[in-house]
Amino acid sequence: MKIGELIQSGDWKGEKHVPVIEAPASVKAGETAHVVLSVGKEIAHPNTMEHYIAWIKLYFKGASSKFAVELGELTFDVHGDNATAPQGCLHVKLKESGTLIAVSYCNLHGLWESSAEITVE
């Protein structure tokens, strides 16, 4: 079995586990891009001691690259009534156009992914 066989995807508007990537459609090379990552934007994901999002990771695969690189990780170590929603912002600088890929982990339902294209001018 390969890890890719375990990663699920879907439309975040209808599936509460899919990570949402909010990023500009285009940025200038070398300028900071603000990327907001979240899970449960349209349909709230539970954040209880029994059912929660543990982390969201952001990767980037440049158009000329063979491999993706990890840009950052948001971890959510507090769960329960007083915990915040699984969301956060990463600030990235890109040199070329490519694909942003987010992967989230739900302790009950496993790995979920989504992607967004970004153009670097």
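Bear in mind that the values here come from a model prediction, so they are computed numbers and not experimental data.
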Undergrad: Grouping I, L, V, M, F, W and Y whenever their side-chain heavy atoms are under 4.5 Å apart, do Val92 and Val69 come out in a common cluster?
TA: yes

Undergrad: Does Thr48 reach the main-chain N or O of Glu50 with its side chain, forming a donor-acceptor pair under 3.5 Å?
TA: yes

Undergrad: Considering only heavy atoms from C-beta outward, does the side chain of Ile56 approach that of Tyr105 to under 4.5 Å?
TA: no

Undergrad: Please examine the side chains of Thr75 and Glu73, heavy atoms only from C-beta on, and report whether any two atoms are closer than 4.5 Å.
TA: yes

Undergrad: CD/Gln8 to CG/Leu111 distance, rounded to the nearest 0.5 angstrom?
TA: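 Separation between the atoms: 8.0 Å.
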
Undergrad: Quick check for you: to the nearest 0.5 Å, what is the distance between Lys66 atom NZ and Lys61 atom NZ?
TA: 10.5 Å

Undergrad: Quick one: do Leu6 and Trp55 end up in the same hydrophobic cluster if we chain Ile, Leu, Val, Met, Phe, Trp and Tyr together by side-chain heavy atoms under 4.5 Å apart?
TA: yes

Undergrad: Is the shortest heavy-atom distance from the side chain of Ser104 to the side chain of Lys57 under 4.5 Å?
TA: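 A side-chain contact is absent here, since even the closest heavy-atom pair is not under 4.5 Å.
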
Undergrad: Check whether any side-chain N or O of Asn47 sits under 3.5 Å from a backbone N or O of Ala85 as a donor-acceptor pair, and report yes or no.
TA: no

Undergrad: When you compare the side chains of Ser9 and Glu113, does any donor N or O come within less than 3.5 Å of an acceptor on the partner?
TA: no

Undergrad: What distance separates Glu31 CD from Glu121 CD, expressed to the nearest 0.5 Å?
TA: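 Interatomic distance, Glu31 CD to Glu121 CD, rounded to 0.5 Å: 9.0 Å.
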
Undergrad: State, yes or no, whether a side-chain contact exists between Leu58 and Val35 at a heavy-atom distance under 4.5 Å.
TA: yes

Undergrad: Between OH of Tyr52 and CZ of Phe76, what distance do you get to the nearest 0.5 Å?
TA: 13.0 Å

Undergrad: Would you say Ser114's side chain and Pro19's backbone share a donor-acceptor pair under 3.5 angstrom?
TA: yes

Undergrad: Take the angle between the ring planes of His17 and His45 and call it parallel below 30°, perpendicular above 60°, tilted in between.
TA: perpendicular

Undergrad: Which value, rounded to the nearest 0.5 Å, describes the distance between Cys106 atom SG and Ile53 atom CD1?
TA: 4.5 Å

Undergrad: Ile101, Val20: one ILVMFWY side-chain cluster at the under-4.5 Å cut-off?
TA: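 In one cluster: no.
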
Undergrad: Testing the basics here: between His91 and Thr32, what is the closest heavy-atom pair and its distance to 0.1 Å?
TA: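 The answer is CB-CG2, 3.6 Å.
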
Undergrad: Quick one: closest heavy-atom pair of Gly98 and Glu117, and the distance?
TA: O-OE1, 3.2 Å

Undergrad: So, for Ala44 and Lys16, which heavy atoms are closest and what is the spacing to 0.1 Å?
TA: O-CD, 3.8 Å

Undergrad: Please report the shortest heavy-atom distance between Val78 and Ala83, naming the atom on each side.
TA: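 What the structure gives for the nearest pair is O-CB, 3.2 Å.
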
Undergrad: Between Leu71 and Tyr59, is a side chain to side chain contact (heavy atoms under 4.5 Å, CB included) present by the stated rule, with each step listed?
TA: CA-CA 5 Å; Leu71 297 180; Tyr59 299 89; over 6 Å; no

Undergrad: With a 4.5 Å heavy-atom cut-off, do Val39 and Trp112 have their side chains touching?
TA: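 Result no, sub-4.5 Å side-chain heavy-atom pair not found.
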
Undergrad: Counting C-beta onward and ignoring hydrogens, is there a side-chain heavy-atom pair between Ser65 and Glu96 closer than 4.5 Å?
TA: yes

Undergrad: Going from CD on Glu22 to CG on Leu100, what distance comes out if it is rounded to the nearest 0.5 angstrom?
TA: 12.5 Å

Undergrad: Quick one: does Ser97's side chain have a donor or acceptor within less than 3.5 Å of a partner on Val120's backbone?
TA: yes

Undergrad: Could you check if a side-chain atom of Ile118 sits within less than 4.5 angstrom of a side-chain atom of Phe60, using non-hydrogen atoms only?
TA: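 Sidechains of Phe60 and Ile118: in contact.
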
Undergrad: With side chains defined as the heavy atoms from C-beta onward, is the minimum distance between Leu74 and Leu90 less than 4.5 Å?
TA: yes

Undergrad: Which pair of heavy atoms, one from Val18 and one from Gly10, lies closest together, and at what distance?
TA: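 That would be CG1-O, 3.5 Å.
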
Undergrad: Flag the pair His51 / His79 as yes when their ring centroid distance falls below 6.0 Å, and as no otherwise.
TA: no

